[in-house]
S.K.: 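Sharing a structure, written as structure tokens. Questions coming.
Along the sequence shown, residues are numbered consecutively beginning with 1.
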Amino acid sequence: MLSKKDIEELATGAVRRYFNTCELISPQIQENDKSPDWDVFLNIYKHKKDIRANYVGSLRIQIKGKQVNDFEEKESFPVETVFLKNSRSEGFVFFVVEVKEDGASRIFYKMMAPIEIRSELSVLKEGQKTKTYSFDYLDDNKSIVSIQLAGFMEDCIKQKSFANKNELKIEDIQNAQEYQWGFSLQGKKENFAKDIFEGFKSFIYVKTKEGAEIPLGNGRMTIYFPEIRSSKEETVKISDVVVSESYNHSISKQFTTYEIPGILSLKINNDPLIKENNVNIDIIAKTTEQYIIAYTTYLQILKEKHIKFGEHSFDLKSSVDAPILSHIENKLEDFKKHAQVMEFLNVITPIDYNEFDEDDNISIKNLYSTLIEHQSISLNNPNGVFRLNIANICLLLSSHCDDNGKYYIDDFFESSNIKVTSGNGELPFQVPPFSWLEQKGYVMFDNIPYEKIINSYEKYTSIDKRVLLQANLDLLEMIKASDELLMKSLNSKREHVLNVSLSFSQWLMGVNEDSTLVNIHHINELQIKKRMRPLTDEEKSSLLRLTQSDDLMIKAAAYILLDNKDIAEYIVTQMEDEDRNVFTTFPIYNLSKIKLPYNN
């Protein structure tokens with residue numbers, strides 16, 4: 001039976017001998033020279049130990065010995081609560097050394113950083129003297145242990161000023177901005193993938209923009225990465241033909257994936273037991289153009305049976321049946337027809353293929369036959385003007401019958417003949433097809449050729465000047481449509497409508513010959529601009545002049561554009577009933593009610 005003194009000296013010697021042979025840790029342990037809680041230090045160095053210039057810092061340690069007949073795989077030991085309190089600000093490394101009567105030893109250890117001690121002290125019962133903890137076997141790989149102890153010392157330094165503060169919880173930062181996460185991964189190189197994808201323990205720090213690092217929670221947390229992604233500025237080639245200038249590379253526990261962004265991905269199963277049929281090629285396209293590129297590339301891969309991402313080459317060993325190739329070729333031809341029809345009809349909204357079904361595909365094939373190939377087709381319940389929905393796309397079309405009871409379909413905006421009248425006995429006059437749209441049409445339809453609008457009005461104005469009056473009314477419908485598009489979050493279409501509205505208003509101002517309409521044209525131009533961006537000081541100055549107008553509508557409109565809505569509302573109440581009813585239908589009045597995007 002060993003004496004208590006023998007056990008302690010054997011334990012202390014075992015720890016000293018262990019760290020004497022560590023490259024970057026030097027033990028500073030002396031017999032019979034102990035503070036009440038500490039068996040002195042482990043000095044941490046970088047590059048080479050025991051050189052002052054390489055000194056990083058020191059860890060305080062406690063060593064306890066325990067005589068055993070047989071070594072254990074795990075060890076437990078009671079730690080005094082007073083020791084926990086005294087080490088709260090510094091953290092500690094506690095060694096428990098099992099010793100046999102023949103002097104053989106096995107070292108176990110436990111590290112506890114300041115916030116972990118803070119947590120332990122918070123749950124101690126009143127009057128509790130000790131708490132028993134589990135201790136881990138000290139790894140024989142001293143390089144790993146050196147890295148772990150150096151990292152632990154850094155954590156203790158970071159946490160020292162938080163030892164007596166309240167815990168920072170994830171709920172406390174849910175509304176915080178401009179911060180980063182900080183953590184560390186330590187372990188063996190061969191275990192890297194396992195640690196990353198299955199989880200590793202680390203303290204997590206919230207890094208603020210000022211550079212502070214605040215420990216989150218009360219201890220180490222489990223961190224894992226479902227996937228690691230990287231972008232590579234390297235070419236993707238099929239038989240020396242470059243199909244992409246870059247690709248994305250990702251690794252997860254299950255798969256390694258090479259991806260041509262927005263086109264297709266090559267997914268390899270990482271299971272070593274799956275050696276055949278372990279590669280999937282997935283189409284990840286969303287738009288028509290992407291699908292065309294994706295299926296073109298897919299066909300190339302299947303025919304050449306080879307693809308190279310950067311320096312990573314892949315050969316397809318299995319053969320591809322002719323029916324499969326034919327199916328892919330047919331899919332490619334379908335998407336090419338989609339693109340041709342949408343281009344012909346001036347559709348700028350991408351087809352949402354999540355909503356696209358076989359009926360939609362049939363509709364596009366029919367449109368291709370009549371619009372591109374100029375063939376007549378059969379129609380059920382034909383109308384001269386009709387609406388056709390294809391997935392998320394809404395088309396305005398017209399049709400006319402041939403001599404055989406079949407129909408040709410035309411773009412409404414290329415073929416329609418619309419006439420209007422002022423209602424006072426004058427003869428009707430022809431107007432552009434865009435006059436038919438009104439607010440609802442500009443919101444609903446996706447085949448509006450915006451770039452042709454002004455030319456169309458110019459053409460019809462040269463025939464009959466009354467078109468200008470209709471053009472002013474049509475402009476107001478376009479502006480009202482932009483507000484509805486804003487409410488529906490159809491931002492791309494709204495941008496097109498506002499851009500053409502601005503050009504249209506400026507064209508109207510340029511051809512105006514009626515001096516009484518000058519202020520109206522100016523108000524219309526500025527209300528469009530205000531929907532797009534804040535007004536400039538110069539533009540506001542011009543509006544201040546209009547606030548002195550004798551025309552209450554002009555005056556109210558100017559105040560709305562200047563954001564003086566209370567004054568504008570007062571002026572509206574001073575209008576005659578008929579004028580007030582008309583004014584409140586104008587888009588300028590709606591401008592005082594909506595929230596513009598740049599004010600969010």
Side-chain angles (χ1 to χ4, degrees), residues 25 28-29 33-44 55-64 76-96 108-136 145 147-186 200-223:
I25 299 179
Q28 188 178 333
I29 304 171
D33 184 17
K34 302 177 183 179
S35 64
D37 288 308
W38 309 107
D39 294 323
V40 201
F41 305 105
L42 292 177
N43 295 329
I44 311 293
Y55 176 71
V56 176
S58 299
L59 286 170
R60 291 182 173 184
I61 65 173
Q62 173 70 278
I63 305 172
K64 294 293 182 182
S76 60
F77 197 84
V79 177
E80 293 179 306
T81 55
V82 66
F83 174 78
L84 292 175
K85 294 175 181 177
N86 290 342
S87 58
R88 179 171 185 158
S89 296
E90 304 287 341
F92 66 80
V93 183
F94 201 121
F95 296 99
V96 173
F108 297 83
Y109 77 105
K110 184 169 188 63
M111 300 187 296
M112 196 172 284
I115 65 169
E116 294 176 301
I117 299 172
R118 178 183 69 189
S119 176
E120 291 296 307
L121 292 174
S122 69
V123 296
L124 289 178
K125 297 177 182 178
E126 186 176 353
Q128 185 174 346
K129 300 296 184 182
T130 63
K131 185 169 183 179
T132 300
Y133 293 99
S134 294
F135 285 66
D136 296 318
V145 171
I147 292 171
Q148 289 174 337
L149 290 174
F152 175 72
M153 183 188 69
E154 184 177 342
D155 285 319
C156 289
I157 293 171
K158 290 179 181 179
Q159 296 176 20
K160 183 173 183 177
S161 60
F162 299 95
N164 294 293
K165 295 181 179 179
N166 293 331
E167 171 192 2
L168 177 67
K169 299 180 180 179
I170 193 70
E171 295 84 0
D172 298 329
I173 60 170
Q174 60 184 355
N175 296 321
Q177 298 179 350
E178 295 189 55
Y179 68 88
Q180 296 178 326
W181 299 109
F183 57 85
S184 60
L185 169 60
Q186 300 162 348
F200 61 93
K201 294 281 189 179
S202 174
F203 293 107
I204 296 180
Y205 298 91
V206 178
K207 295 184 175 184
T208 68
K209 63 180 181 180
E210 293 80 14
E213 294 188 77
I214 307 171
L216 184 67
N218 265 331
R220 292 175 175 85
M221 297 183 182
T222 300
I223 302 171

S.K.: Rounded to the nearest 0.5 Å, what separates atom NZ in K64 from atom CZ in F95?
M.R.: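 Going from NZ on K64 over to CZ on F95, the span is 14.0 Å.
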
S.K.: Tell me, yes or no, whether the heavy-atom count around K131 atom NZ, taken from other residues, nucleotides or ligands under 6.0 Å, exceeds 12.
M.R.: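 Check passes, neighbour count above 12.
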
S.K.: Evaluate the ring planes of F135 and F94, with Trp represented by its six-membered ring, and classify them as parallel (under 30°), tilted (30 to 60°) or perpendicular (over 60°).
M.R.: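 Perpendicular.
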
S.K.: Applying the ring-ring contact (aromatic ring centres under 6.0 Å, His included) test to F92, which of F83, F41, F152 qualifies?
M.R.: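 Considering F83, F41, F152, a ring-ring contact (aromatic ring centres under 6.0 Å, His included) with F92 is found only for F83.
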
S.K.: What's the spacing between K201 NZ and F183 CZ if we round to 0.5 Å?
M.R.: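 The distance works out to 14.5 Å.
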
S.K.: Within this structure, what is the CE-CD distance for the pair M111 and E116, rounded to the nearest 0.5 Å?
M.R.: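 So the CE of M111 and the CD of E116 are separated by 8.5 Å.
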
S.K.: Tell me the closest heavy-atom pair linking A113 and F203, and the distance in Å.
M.R.: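 The answer is CB-CZ, 3.5 Å.
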
S.K.: Looking only at heavy atoms, which two atoms of L168 and L216 are closest? And how far apart?
M.R.: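 The pair with the smallest heavy-atom distance is O-CD1, 3.3 Å.
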
S.K.: Verify the neighbour count for atom CD of Q180: are there more than 12 heavy atoms of other residues, nucleotides or ligands below 6.0 Å?
M.R.: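 For Q180, atom CD is not crowded (no more than 12 foreign heavy atoms under 6.0 Å).
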
S.K.: Where is the tightest heavy-atom contact between E213 and F162, given as atom of each residue plus distance?
M.R.: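 In terms of heavy atoms, the two residues are closest at O-CE1, 3.6 Å.
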
S.K.: Specify the closest pair of heavy atoms between Q128 and T130, including all atoms of both residues, with the distance to one decimal.
M.R.: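 Shortest heavy-atom contact: NE2-O, 2.9 Å.
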
S.K.: Answer yes when E90 and R60 have at least one side-chain N-carboxylate O distance shorter than 4.0 Å, and no when they do not.
M.R.: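 Salt bridge: no.
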
S.K.: How far does CG of L121 sit from OG1 of T81, to the nearest 0.5 angstrom?
M.R.: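 The CG atom of L121 sits 8.0 Å away from the OG1 atom of T81.
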
S.K.: Testing the basics here: between V56 and M153, what is the closest heavy-atom pair and its distance to 0.1 Å?
M.R.: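 Heavy-atom minimum between the residues: CG1-CE, 3.3 Å.
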
S.K.: Between E80 and K129, does at least one N-O distance fall below 4.0 Å, as a salt bridge requires?
M.R.: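 Here E80 does not pair with K129 in a salt bridge, since their nearest N and O are not under 4.0 Å apart.
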
S.K.: Check whether any side-chain heavy atom of I115 lies under 4.5 Å from a side-chain heavy atom of E167, and answer yes or no.
M.R.: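 Answer no - side chains too far apart.
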
S.K.: Do I25 and I44 have side chains that approach each other closer than 4.5 Å (heavy atoms only, starting at C-beta)?
M.R.: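 Yes, at least one pair of side-chain atoms sits under 4.5 Å.
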
S.K.: May I ask you to decide if S184's main-chain N or O and S202's side chain share a donor-acceptor pair within less than 3.5 Å?
M.R.: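 Yes, the answer is positive, given that a donor and an acceptor are paired below the 3.5 Å cut-off.
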
S.K.: Please round to the nearest 0.5 Å and tell me the distance separating atom CD1 of I204 and atom CD1 of I214.
M.R.: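 Rounded to the nearest 0.5 Å, the CD1-CD1 separation comes to 14.0 Å.
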
S.K.: Considering only heavy atoms from C-beta outward, does the side chain of P114 approach that of C156 to under 4.5 Å?
M.R.: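 P114 reaches C156 side chain to side chain.
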
S.K.: Specify the closest pair of heavy atoms between L84 and I117, including all atoms of both residues, with the distance to one decimal.
M.R.: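 The pair with the smallest heavy-atom distance is O-CG2, 3.3 Å.
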
S.K.: When you compare the side chain of Y205 with that of Q159, does any pair of heavy atoms fall below 4.5 Å?
M.R.: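 They are in side-chain contact.
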
S.K.: Which value, rounded to the nearest 0.5 Å, describes the distance between L59 atom CG and Q28 atom CD?
M.R.: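 It comes to 12.5 Å.
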
S.K.: Does Y109 reach the side chain of L149, with side-chain heavy atoms less than 4.5 Å apart?
M.R.: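 Not touching, per the 4.5 Å side-chain cut-off.
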
S.K.: Between F108 and D136, is there a side-chain heavy-atom distance shorter than 4.5 Å?
M.R.: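 They are not in side-chain contact.
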
S.K.: So do N164 and S89 actually touch side chain to side chain, heavy atoms under 4.5 Å?
M.R.: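 Result yes, sub-4.5 Å side-chain heavy-atom pair found.
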
S.K.: Do the non-hydrogen side-chain atoms of K110 and F77 ever get within less than 4.5 Å of each other?
M.R.: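 No, side chains not in contact.
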
